[in-house]
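Naming convention: chains lettered A, B, ... in sequence-line order (proteins, then strands); numbering from 1 in each chain.
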Amino acid sequence: MARLDRLTGPVEKVAPRLLGAVVRSGAVAIRLTEVEAYAGVGEDEASHSHRGRTKRNAIMFGPAGHLYVYFTYGMHWCANIVTGVEGTASAVLLRAGEVVDGLELAIERRGARVPEKDLARGPARLASALGLDGSANGLNVLDPASPVRLTLRSRAVKEFEAGPRVGVAKEAERPWRFWLPGEPTVSPYRRR
DNA sequence: GATTTGATTCTCT
DNA sequence: GAGAATCAAATCC
C-alpha cells in the first residue's frame, strides 16, 4: 500500500514526510508541525532501541505504521510512529502539532486555561491532547478500523527545517528534529 | 538487589 | 531558573 511505502526507508527521510500529516484519535485531530527521528539498534545512542529489544520498546521492532507509546518521567506518555521495515526498530516521535478538530475535548483534557497553541506543543502534551496512553501502544495507524489513525498529505511538504533533537543526552548534535517554520505550535528548543 | 536516569511539564521563585 | 512529580528501564554493585 502506498501509505506504508511512505513510512519505509531511512528514518531521517521518513520523518519529514509526517510534517503536515494529521493524526486523529476519536474526536480529536492534530496536524503535525514537529517530529523527531530515532534510528534502530546500534545506530543511534539516543534511541530506545539502541541496546536491543526490551519489553517496553518491542513495538519498535514490528512493522511500520504502528504506534509506540511509552511512559516517562513517572507521569508522561509520548507517542511515536514506527517506521522502516519490520526489525529495523526506528521510529518518529510526534513532538508537536496543531489541534484541527475536537478542540473542546482537547481543551478538556489539557485544562481550560491552556492557550490553544500550547494544547499539543510538546510530545507529552500532544499525547495528552489525543488521549493516548499505554492502551494505544501497538495500534496500527494505517488501519481504517483503528481508533487512532494517520492521514498523510498527498504531497509531502517541501519546506521544513531541521535541527538538533530536544532533551536527549547523547547524539545531541544529530539534526534529526524536523519542523514547519513559522508554526506557533513548534516547541522551543531545550538542550539537555 | 539498589541506584540512577529520563524522547517532560508544571509551578513557584 | 530551579525543583518537584513519580515509575520503568537501564546501569551499577
Sub-4.0 Å heavy-atom contacts from residues 43-61 of chain A onto DNA chain C, ordered by number: A:R51, A:T54, A:R56
Proximity to DNA chain C (any heavy atom under 4.0 Å), residues of residues 89-121 of chain A only: none
Distance check needed: [N] [atom2] versus [X] [atom1], whole Å only.
X	N	atom1	atom2	result
A:L126	B:dT8	CG	C1'	13 Å
A:Y73	B:dT11	OH	C1'	17 Å
A:M75	B:dT5	CE	P	18 Å

Minimum heavy-atom distance A:L139-A:P147, with the two atoms named: CD1-CG, 3.8 Å
Minimal non-hydrogen separation, A:R109 against A:G131, with atom names: NH1-N, 3.5 Å
Contact boundaries on DNA chain C for chain A, cut-off under 4.0 Å to non-hydrogen atoms: C:dA5 to C:dT11
Heavy-atom check, side chain of A:V92 versus side chain of A:Y38, under 4.5 Å: no
Nucleotide pairing, DNA chain C (Watson-Crick or G-U, distances under 3.5 Å), in dot-bracket with [ ] and |: |||||.||||||.
Pairs of donor and acceptor atoms involving the side chains of residues 20-30 of chain A, under 3.5 Å and at least two apart or interchain, shall be tabulated with distances.
{"residue": "A:R24", "atom": "NH1", "partner": "A:G26", "partner atom": "O", "Å": "3.1"}
{"residue": "A:R24", "atom": "NH1", "partner": "A:D101", "partner atom": "OD2", "Å": "3.4"}
{"residue": "A:R24", "atom": "NH2", "partner": "A:D101", "partner atom": "OD2", "Å": "2.7"}
{"residue": "A:S25", "atom": "OG", "partner": "A:L130", "partner atom": "O", "Å": "3.0"}

Of residues 185-192 of chain A, the positions that come close to DNA chain B - non-hydrogen atoms, cut-off under 4.0 Å: A:R190, A:R192
With no hydrogens and no angle check, is any side-chain donor or acceptor of [X] less than 3.5 Å from a backbone partner on [Y]?
X	Y	answer
A:R177	A:E36	no
A:N80	A:A91	no
A:D118	A:P115	no
A:S47	A:V41	no

Would you please name every residue forming a side chain to side chain donor-acceptor pair (under 3.5 Å) with [X], sequence neighbours left out?
X	value
A:R149	none
A:H76	none
A:T185	A:T33
A:R165	A:D44

Listed partners of A:N140 passing side-chain contact (heavy atoms from CB on, under 4.5 Å), at least two apart: A:H66, A:L142, A:D143
Under the salt bridge (charged side-chain N to carboxylate O under 4.0 Å, His left out) test, residues paired with A:E183 that sit two or more places apart: A:R31
Check: A:T88/A:S90 side-chain N/O donor and acceptor closer than 3.5 Å: no
Sugar-phosphate, base or nothing in reach of A:R125, heavy atoms under 4.0 Å: sugar-phosphate
